[in-house]
J.: 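Input: one structure, supplied below.
Throughout, a chain's letter reflects where its sequence line sits, starting with A, and its residues are numbered from 1. What you see is a predicted model; the values in this text were computed from it and never measured.
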Number of protein chains: 2
Amino acid sequence: MRPASAHCQIDSVDSAAVDRAVGVVPDEARLKAIADIFSALGDPTRLRILIALSCERLCVCDLAAVTGVSQSGVSHQLRVLRDLDLVAFERMGKRAVYRLADEHVGILLSQGADHAEERFGGDGR
Amino acid sequence: MRPASAHCQIDSVDSAAVDRAVGVVPDEARLKAIADIFSALGDPTRLRILIALSCERLCVCDLAAVTGVSQSGVSHQLRVLRDLDLVAFERMGKRAVYRLADEHVGILLSQGADHAEERFGGDGR
DNA sequence: TGCACATATGAGCACTCGTGCATATGAAAG
DNA sequence: CTTTCATATGCACGAGTGCTCATATGTGCA
């Protein structure tokens, strides 16, 4: 049985390499977890929120002002980020003041920014 | 004029903090570039491809075997990754052998994996 | 208790994206 | 040149997503 390659006559050129590669790929659940993290960082609005929070603690209203989307939209995105433990918040009276969950998140952000910046400067194509 | 907040009576609680936050957020184009990178990492299939390539140099057929998607599907995803300079390839006869563009990509991957793994272990909810 | 305000949630919509099928391009072999 | 095979591309479809509007929840104040 040949599972995937419908048009390819051979399943794998180097089956040993394939086996090794399969070995290092995490299981479905972990892979999904990693993908969810990156997906969360892969939206301009959420990026704006996170980068803003990497500089200042802000409430939802202020984040709406920073991002330029509605309060509802910000709240929806914050829920996504909260569920992934990318941001945390504490109530200050009526307001909810958000911050990055930990500096790990900030590192991820700057790593991504670095890679993007490299492409910005010396893009070969 | 109150641009964004339709339901919020006040635009911003701390306008100085908002201004500082806006100051650190990159411009639209750069933000899009960063988001594109993270988005590319935010798909399980592309993650499988990248993690596999972080271990072995593989051709398209082998990547199809590793990921379990069709050759066409892999090729489509590889184009995305190529356009973002996340992977590179060289022709070996008829085959195209892919590899990570640089170790920067591997670092990003493991950073994301680390964060996901933390949540896996000590998830409070 | 009743009002005002900040945030969260639900529904609906437009849009994007991942995928497979069919097919085109390209490269070696006969 | 023709054939064969690996890879790339165009098209279409189903699923997921980000947004706003309307509304619910919750918090503090008179």
Side-chain angles (χ1 to χ4, degrees), chain A residues 2-14 18 31-32 35-36 38-50 57-65 67-84 87-98, chain B residues 2-14 18 31-32 35-36 38-50 57-65 67-84 87-98:
Chain A
R2 333 202 127 183
S5 42
H7 261 77
C8 232
Q9 271 72 7
I10 52 177
D11 281 76
S12 62
V13 175
D14 186 347
V18 170
L31 207 65
K32 178 73 160 50
D36 285 343
F38 283 126
S39 280
L41 300 174
D43 174 68
T45 297
R46 285 192 292 262
L47 267 184
R48 262 187 258 261
I49 291 174
L50 291 170
R57 294 181 174 223
L58 294 165
C59 68
V60 180
C61 262
D62 287 349
L63 284 170
T67 58
V69 303
S70 70
Q71 173 270 321
S72 170
V74 171
S75 192
H76 278 294
Q77 304 301 352
L78 283 172
R79 198 169 84 85
V80 174
L81 297 174
R82 250 189 298 126
D83 288 348
L84 291 167
V87 302
F89 76 106
E90 55 186 328
R91 308 206 71 98
M92 298 278 289
K94 307 181 188 180
R95 289 191 281 276
V97 180
Y98 280 81
Chain B
R2 336 201 122 183
S5 42
H7 260 74
C8 232
Q9 271 71 7
I10 52 177
D11 281 77
S12 61
V13 175
D14 186 347
V18 170
L31 207 65
K32 178 74 160 49
D36 285 343
F38 283 126
S39 280
L41 300 174
D43 174 70
T45 296
R46 285 192 294 261
L47 266 183
R48 262 187 258 260
I49 292 175
L50 291 169
R57 295 182 172 221
L58 294 165
C59 69
V60 180
C61 262
D62 287 349
L63 284 170
T67 58
V69 304
S70 71
Q71 173 270 321
S72 170
V74 171
S75 193
H76 278 296
Q77 303 301 353
L78 283 173
R79 196 170 85 85
V80 174
L81 298 174
R82 251 188 298 126
D83 288 348
L84 291 167
V87 302
F89 76 106
E90 55 186 329
R91 307 205 73 98
M92 298 278 289
K94 306 181 188 180
R95 289 189 279 278
V97 180
Y98 280 80

J.: Under 4.0 Å: is that the gap between some side-chain N or O of B:Q71 and OP1 or OP2 of D:dA8?
T.: no
J.: Would one find a side-chain N or O of A:Y98 under 4.0 angstrom from OP1 or OP2 of C:dA8?
T.: yes
J.: How many whole angstroms separate atom NZ of B:K94 from atom P of D:dC5?
T.: 7 Å
J.: Within the pair B:R79 and D:dT7, is there a side-chain N or O less than 4.0 Å away from OP1 or OP2?
T.: no
J.: Rounded off to whole Å, could you give me the CG-to-C1' distance for the B:D83 and C:dC17 pair?
T.: 15 Å
J.: Calculate the interatomic distance between A:F38 atom CZ and C:dC17 atom P; express it in whole Å.
T.: 18 Å
J.: Would you say A:R46 reaches D:dG18's phosphate, i.e. side-chain N/O to OP1/OP2 under 4.0 Å?
T.: yes
J.: Bend angle of the helix from C:dT1-D:dA30 to C:dG30-D:dC1 from five-pair axes at both ends, rounded to 10°?
T.: 30°
J.: Give the rounded distance in Å between these two atoms: CG of A:L81 and P of D:dG18.
T.: 10 Å
J.: Measuring to OP1 and OP2 of D:dT9, would you say a side-chain N or O of B:S72 lies under 4.0 angstrom away?
T.: no
J.: Ignoring hydrogens and angles, write down the donor-acceptor pairs under 3.5 Å from the side chains of residues 72-79 of chain B, residues two or more places apart or on other chains.
T.:
{"unit_1": "B:Q77", "atom_1": "OE1", "unit_2": "B:R46", "atom_2": "NH1", "d": "2.7"}

J.: For A:A96 versus A:F89, what's the shortest heavy-atom pair and its separation?
T.: CB-CD1, 3.8 Å
J.: Tell me: CZ of B:R91 to C1' of D:dA8, nearest whole Å?
T.: 9 Å
J.: Start at the 5' end of DNA chain C and walk down; is the nucleotide closest to A:H76 or to A:A96 reached first?
T.: A:A96
J.: At less than 4.0 Å, is any side-chain N or O atom of A:Q77 found next to OP1 or OP2 of D:dC19? Yes or no.
T.: yes
J.: Can you tell me the distance, in whole Å, between the CD atom of B:E90 and the P atom of C:dA27?
T.: 15 Å
J.: Over how many whole Å does the gap from A:L78 atom CG to C:dT7 atom P extend?
T.: 10 Å
J.: Within less than 4.0 Å of OP1 or OP2 of C:dT9, is there a side-chain N or O belonging to A:S75?
T.: no
